[in-house]
Amino acid sequence: MKLLVTGGAGFIGSAVVRLAVARGHVVVNVDALTYAACLDNVAEVAQSPLYAFEHADIRDREAMDRILAAHAPDAIMHLAAESHVDRSIDGPGTFIDTNVTGTYTLLEAARAWWTKAGKPEGFRFHHISTDEVFGTLGETGLFTEETPYAPNSPYSASKAASDHLVRAWHETYGLPTVLTNCSNNYGPFHFPEKLIPVVILNALAGRPIPVYGKGENVRDWLYVEDHADALLLVVEKGEIGRSYNIGGNNERRNIDLVRTICALLDERRPDAAPHDRLITFVEDRPGHDLRYAIDASRIRDELGWSPSVTVEEGLARTVDWYLANEDWWRALQARKGVGQRLGKAG
């Protein structure tokens, strides 16, 4: 297949690009190269004859029209998005602009190209989203594909809006779409403002490890390479007009996750005292969802996918990757907002 991947220099997008090229797909990476993007993430495939890069913004209709006409992809995998909840609290406008208006612009460009091309039967528009659109769970229950949307942050609201646009473009215009909602990703190349990289890098530097509230928020953790595998399966074999939840089957409280990382660092980079001494409870994020948990039975039963990496295995791989790739993360730490407390909402 020829895949056009938006946001392919980001965390999840680059994992998709690397895996797709490794599997022999032709990949066109479209990325605006905002603060969270890094072309080093795709350096291992950059010289492949199967790979091409287009520096463009999904909000730029003229650029999207040009790129689609030039490359004629079999599928669009739309991952480009503003994704950091804390940043969305401080500056929601950017999230509405990119995640809502950008998705609309890309949908319209895709619809125009698909129509002009004679509506090729194999074409698909795959929109990649988050479980945060469903809101929060109590101590029990799981998000299914039928769970009503109830976003609680500007980020999740913007992603919910983009999901609804994708569904509407399928129902109204017949655009062949598939949609996926994933749980929290982690792994190599994770931008160093997110929880797991923050824990690793603060611990290595001997700085306080910030944990929101009491650390009792629960997330289902999905190793990014497992997610990329699932996404490629859905874009190839998912049913048109259908959505699929993708989860890691790895629920953990934030505080337990942080302590696991500290223990891994105690083994690999022992300090004078255990790294968990650095854990510091800080003021909670406004509107912080208590618990996310995915029911991934549909993708398992219909497409045969299930996660292959446990959170313990994945965290060990992730810690080892950060220890071995100091040049990568040090360069990103200098970018605006990294290392600062964001999202206090006043």
Side-chain angles (χ1 to χ4, degrees), residues 1-58 63-64 66-81 83 106 110 122-128 178 180 182 185-192 194 196-197 222-238 246 305 307-309 314 317-332 335:
M1 295 179 73
K2 178 182 280 190
L3 303 172
L4 189 151
V5 179
T6 71
F11 171 45
I12 300 173
S14 66
V16 171
V17 168
R18 295 190 303 270
L19 184 59
V21 170
R23 291 182 175 176
H25 297 296
V26 176
V27 176
V28 181
N29 177 4
V30 177
D31 202 296
L33 298 181
T34 60
Y35 82 95
C38 180
L39 286 175
D40 289 344
N41 297 3
V42 292
E44 68 183 62
V45 301
Q47 302 307 313
S48 170
L50 299 177
Y51 175 81
F53 176 68
E54 293 276 4
H55 184 193
D57 193 313
I58 59 170
M64 295 303 102
R66 174 186 62 78
I67 290 167
L68 285 168
H71 294 283
D74 299 309
I76 295 171
M77 299 183 72
H78 178 34
L79 294 106
S83 66
L106 184 63
F123 178 74
R124 295 182 178 203
F125 185 107
H126 180 186
H127 179 61
I128 289 84
V178 287
T180 51
C182 69
N185 279 227
Y186 70 102
F189 298 102
H190 204 176
F191 192 74
K194 298 297 185 77
I196 289 175
L222 173 64
Y223 193 61
V224 69
E225 293 174 7
D226 271 347
H227 188 200
D229 177 59
L231 293 178
L232 290 175
L233 180 63
V234 170
V235 80
E236 291 185 66
K237 298 182 178 179
I246 304 172
W305 181 87
S308 66
V309 179
R317 293 185 195 180
T318 302
V319 168
D320 288 341
W321 188 88
Y322 277 87
L323 292 177
N325 289 275
E326 184 172 344
D327 289 345
W328 179 87
W329 52 259
R330 283 207 181 277
L332 297 182
R335 296 190 180 182

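Here the structure is a predicted model, which is why all the values come from computation and not from measurement. All values below were derived from every heavy atom in this structure, side-chain atoms included, with hydrogens, water molecules and symmetry-related copies excluded.
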- prompt: Going through the distances and angles, do Phe189 and Val224 end up as a side-chain contact (heavy atoms from CB on, under 4.5 Å)?
  reply: CA-CA 9 Å; Phe189 298 102; Val224 69; over 6 Å; no

message: Which heavy atom of Leu222 sits nearest to which heavy atom of Cys182, and what is that distance?
response: CD2-CB, 4.2 Å

- prompt: Where do Glu225 and Ser308 land on the side-chain contact (heavy atoms from CB on, under 4.5 Å) test, with the steps shown first?
  reply: CA-CA 9 Å; Glu225 293 174 7; Ser308 66; over 6 Å; no

- prompt: Side chains of Leu231 and Met77: closer than 4.5 Å at any heavy-atom pair?
  reply: yes

- prompt: Short question: side chain of Thr318, backbone of Pro188 - any donor-acceptor pair under 3.5 Å?
  reply: no

task: Examine distances only and state if a side-chain atom of Asp226 and a backbone atom of Val309 form a donor-acceptor pair shorter than 3.5 Å.
output: yes

- request: Could you point out which residue of Val5, Thr180, Val234, Val16 forms a side chain to side chain contact (heavy atoms under 4.5 Å, CB included) with Ile128?
  value: Thr180

query: Nearest heavy-atom pair of Phe53 and Asn29: which atoms, and what distance?
result: CD1-O, 3.3 Å

- prompt: Do Tyr35 and Leu332 pass the side-chain contact (heavy atoms from CB on, under 4.5 Å) test, and can you show the C-alpha distance, the side-chain angles, and the key distance before you say yes or no?
  reply: CA-CA 9 Å; Tyr35 82 95; Leu332 297 182; over 6 Å; no

- prompt: Does the Asn41 side chain pair with the main chain of Ser14, one donor and one acceptor, at a distance under 3.5 Å?
  reply: no

- prompt: Minimum heavy-atom separation for His71 to Ala52, with atom names?
  reply: CE1-CB, 4.4 Å

field: Pairwise side-chain contact, Val30 with Met64, heavy-atom cut-off 4.5 Å (strictly under)
entry: yes

- prompt: Short question: side chain of His126, backbone of His78 - any donor-acceptor pair under 3.5 Å?
  reply: no

task: Among Val28, Leu68, Val27, Leu3, find the residue that satisfies the side chain to side chain contact (heavy atoms under 4.5 Å, CB included) test when tested with Pro73.
output: Leu68

field: Donor-acceptor contact below 3.5 Å, side chain Tyr322 vs main chain His190
entry: yes

query: How far apart are the closest heavy atoms of Ala37 and Arg335, and which atoms are they?
result: O-NH1, 2.6 Å

- prompt: Are the side chain of Lys2 and the backbone of Ala72 linked by a donor-acceptor contact shorter than 3.5 Å?
  reply: no

- line: In terms of heavy-atom contacts, Ala9 and Leu39 come closest through CB-CD2, 4.1 Å

